[in-house]
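Numbers restart at 1 for each chain; the letters A, B, ... are given by sequence-line order, proteins then strands.
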There are 2 protein chains.
Amino acid sequence: MKQISRFSHFGELSDKDYFRIALSVDCVIFGFEDGELKVLVINCNIKEYRGKLSLLGDLVRPDEDLDSASYRILRERTGLGDVYLEQVQTFGAVDRHPAGRVITTTYFSLVNVRDVQLTLAENDLHWHPVNDIHDMAFDHLTILHACHERLREKVDDHPVVFNLLPKKFSLRELQCVYEAILNTRLDRRNFRKKFFMMDWLVDLDELEQDVPHRPGKLYRFNAAKFTRKPKALAR
Amino acid sequence: MKQISRFSHFGELSDKDYFRIALSVDCVIFGFEDGELKVLVINCNIKEYRGKLSLLGDLVRPDEDLDSASYRILRERTGLGDVYLEQVQTFGAVDRHPAGRVITTTYFSLVNVRDVQLTLAENDLHWHPVNDIHDMAFDHLTILHACHERLREKVDDHPVVFNLLPKKFSLRELQCVYEAILNTRLDRRNFRKKFFMMDWLVDLDELEQDVPHRPGKLYRFNAAKFTRKPKALAR
DNA sequence: CCAAAAGTGTTTTCGTTACACCCATGC
DNA sequence: GCATGGGTGTAACGAAAACACTTTTGG
């Protein structure tokens, strides 16, 4: 692998120094439960950060694509295969990891908590309300905030929120998810209008069961009908 | 560095395998010249891609922050220090680099081409019109497109375009830059309205010189007055 | 009958777009 | 005087926001 100096476009590289950096992937796995946006975390057990919350991550293997590494982490921790996953940012401060030079690429993911079996809860693997987290190990709080911000931007014009819900859901549940993510209250009539206008929903002609009030209709996501918003300056 | 397995949050890692991945940074350095959006490129000299255009990049050094690496590349190639630089995405397909496993984090940068001295034009370092590039070495065309797309999104509501222009510029020049980036024609009156509304400009009470028509006023960027647009769903 | 949420349209507001004429300069 | 772009305002349109009452169900 010394050839990298001779054959690459990088110029005058010398030696194995460049292989003293490890690359990891950290996943911010969002879920929605009890009306709150939650994130899947573990308790950190390295001495510098003992007891603090930590995201789920792992080093990237030499023979695996970066994206594959994030899918692997998700699969290992949640058992889920086909999930929404989006790369957000790579954090590479020299001192971000006490054990050595580790650069991490972060992803956020949206899953339905009811699909996840947290059977082996090693290191107290659990769902934690995003709004209750004010401290984490490493730079994971920064990462969490970056991913949450990216999610907020994303939901504005992309129908990704459906990944947090079961296949069948009511408009109220859908609105609750948006409110949890954006941390605001939304107008119910305008909310409904928007979704019907976007044509993102399919009416299933079924009603909610076991609710202590008038049951709402159930919908599923209409994957086919997604179109982007027009941009501001491009006429 | 074996400790990483014991002390980190990563779990059951074994050995030095994880240090067989190199990390690089690639910079998409945009400039504006002759009415066109251009990018600073070199000719690739590794055998698999000989003669193809390549972005400017280098491996990240073990003791340098990721962001610092991108600033270093920029400084080494352009001599410029204080420039706009934004991380875009990290590309990590196993086979993206023929010389071995190299994962690259990409940045885009906006500079004023007239500030850049391409004195030592090694490997034919030059400004190339973005729209004329249909093939590059490695996955650099994908990277270029990702950065161009990010730039398009960015200029919609962030005043970053000023970085491509000299300190003093006319509204026509400013509009030309937007048109080059977005690849559309814009309405002149609405364009002016937008900028005055945003309060992004300071009227310098000077006029263009040596233009073969009525000279336009010159402006500079008003860094203080930047505010974001409101988002769609958050009322 | 009471509580709780479902369902439903219209008006107002505001930002975006479209559009045409006179002006200043160089040649 | 002619070519080139500079400078300017208004009307139409469309998207988003504000807003209240009736209906359905469970208890």
Side-chain angles (χ1 to χ4, degrees), chain A residues 34-35 152-153 155-158 165 168-180 182 184-220 227-235, chain B residues 34-35 152-153 155-159 165 168-180 182 184-220 225 227-235:
Chain A
D34 304 326
R152 274 190 216 107
E153 291 164 9
V155 300
D156 253 6
D157 49 1
H158 295 251
L165 290 168
K168 302 175 179 187
F169 52 85
S170 68
L171 269 172
R172 180 177 37 80
E173 293 174 296
L174 185 61
Q175 181 172 342
C176 285
V177 179
Y178 274 87
E179 291 181 338
L182 299 173
T184 30
R185 303 306 305 272
L186 300 172
D187 181 273
R188 213 167 83 251
R189 277 181 289 189
N190 292 336
F191 184 84
R192 302 169 81 86
K193 215 184 306 175
K194 169 175 170 134
F195 277 83
F196 293 132
M197 207 107 79
M198 290 286 186
D199 211 13
W200 285 350
L201 298 177
V202 178
D203 187 337
L204 292 173
D205 273 315
E206 291 179 65
L207 295 177
E208 287 179 293
Q209 301 295 328
D210 304 315
V211 286
H213 54 75
R214 176 174 172 180
K217 283 188 170 186
L218 294 177
Y219 300 86
R220 66 171 174 81
T227 49
R228 267 165 192 267
K229 270 189 192 174
K231 297 300 173 56
L233 263 173
R235 65 167 172 181
Chain B
D34 305 326
R152 272 189 218 107
E153 291 164 9
V155 300
D156 253 5
D157 48 3
H158 295 250
L165 290 169
K168 303 175 179 187
F169 51 85
S170 68
L171 271 171
R172 179 177 37 80
E173 292 174 296
L174 186 60
Q175 180 171 344
C176 285
V177 179
Y178 274 87
E179 292 181 339
L182 299 173
T184 30
R185 304 305 305 272
L186 300 172
D187 181 273
R188 212 166 85 251
R189 277 183 289 191
N190 293 335
F191 184 83
R192 303 170 79 87
K193 214 185 308 175
K194 168 173 171 138
F195 277 83
F196 293 132
M197 206 109 78
M198 290 287 186
D199 211 11
W200 286 349
L201 298 177
V202 179
D203 187 335
L204 293 172
D205 274 316
E206 292 179 63
L207 295 177
E208 287 180 293
Q209 301 295 329
D210 304 315
V211 287
H213 54 77
R214 175 175 171 179
K217 283 188 171 188
L218 293 178
Y219 300 86
R220 65 170 174 81
K225 295 300 183 68
T227 48
R228 267 165 191 268
K229 270 189 191 173
K231 296 300 174 54
L233 262 174
R235 63 165 171 182

*Minimum side-chain heavy-atom gap B/H213-B/R172 below 4.5 Å*: yes
*Any donor-acceptor N/O pair, B/E206 side chain to B/K217 backbone, under 3.5 Å*: no
*Give the rounded distance in Å between these two atoms: CG of B/D157 and P of C/dT16.*
11 Å
*asked:* I need the CZ-C1' distance between A/R172 and D/dT25, as an integer number of Å.
replied: 13 Å
*How close or far is atom P of D/dA17 from atom NZ of A/K194, stated in whole angstroms?*
9 Å
*asked:* Looking at every heavy atom in both B/A180 and B/G35, which two are closest together, and how far apart are they?
replied: CB-O, 3.9 Å
_side-chain hydrogen bond (donor to acceptor under 3.5 Å, both in side chains) involving A/R192 - partner list, sequence neighbours excluded_ = none
*Send over the distance from B/Q175 CD to D/dG7 P, rounded to a whole Å.*
12 Å
*Starting from P on D/dT25, measure out to CZ on A/R214 and report it in whole angstrom.*
7 Å
*Compare every heavy atom of A/S170 with every heavy atom of A/L218, then report the nearest pair and how far apart it is.*
CD2-N, 3.8 Å
*asked:* Rounded to whole Å, please give me the gap between CG in A/D203 and P in C/dG7.
replied: 9 Å
*Rounding to a whole Å, what distance do you find between B/F195:CZ and D/dT8:P?*
16 Å
*asked:* Please report whether the ring centroid of A/F191 lies less than 6.0 Å from that of A/F196.
replied: no
*Tell me: CG of A/L218 to P of D/dT25, nearest whole Å?*
14 Å
*Which residues within residues 204-212 of chain A lie with some heavy atom under 4.0 Å of an atom in DNA chain D?*
A/V211, A/P212
*Hey, does A/Y219 have a side-chain heavy atom less than 4.5 Å from the side chain of A/L171?*
yes
*Does some side-chain heavy atom of A/L174 sit less than 4.5 Å from a side-chain heavy atom of A/L201?*
yes
*How close do A/E153 and A/D157 get, heavy atom to heavy atom, and via which atoms?*
O-OD1, 3.9 Å
*How does protein reach along nucleotides 8-14 of chain C, written 5' to 3' as B (base within reach of a heavy atom under 4.0 Å), S (only sugar-phosphate), or - (no contact)?*
BBB----
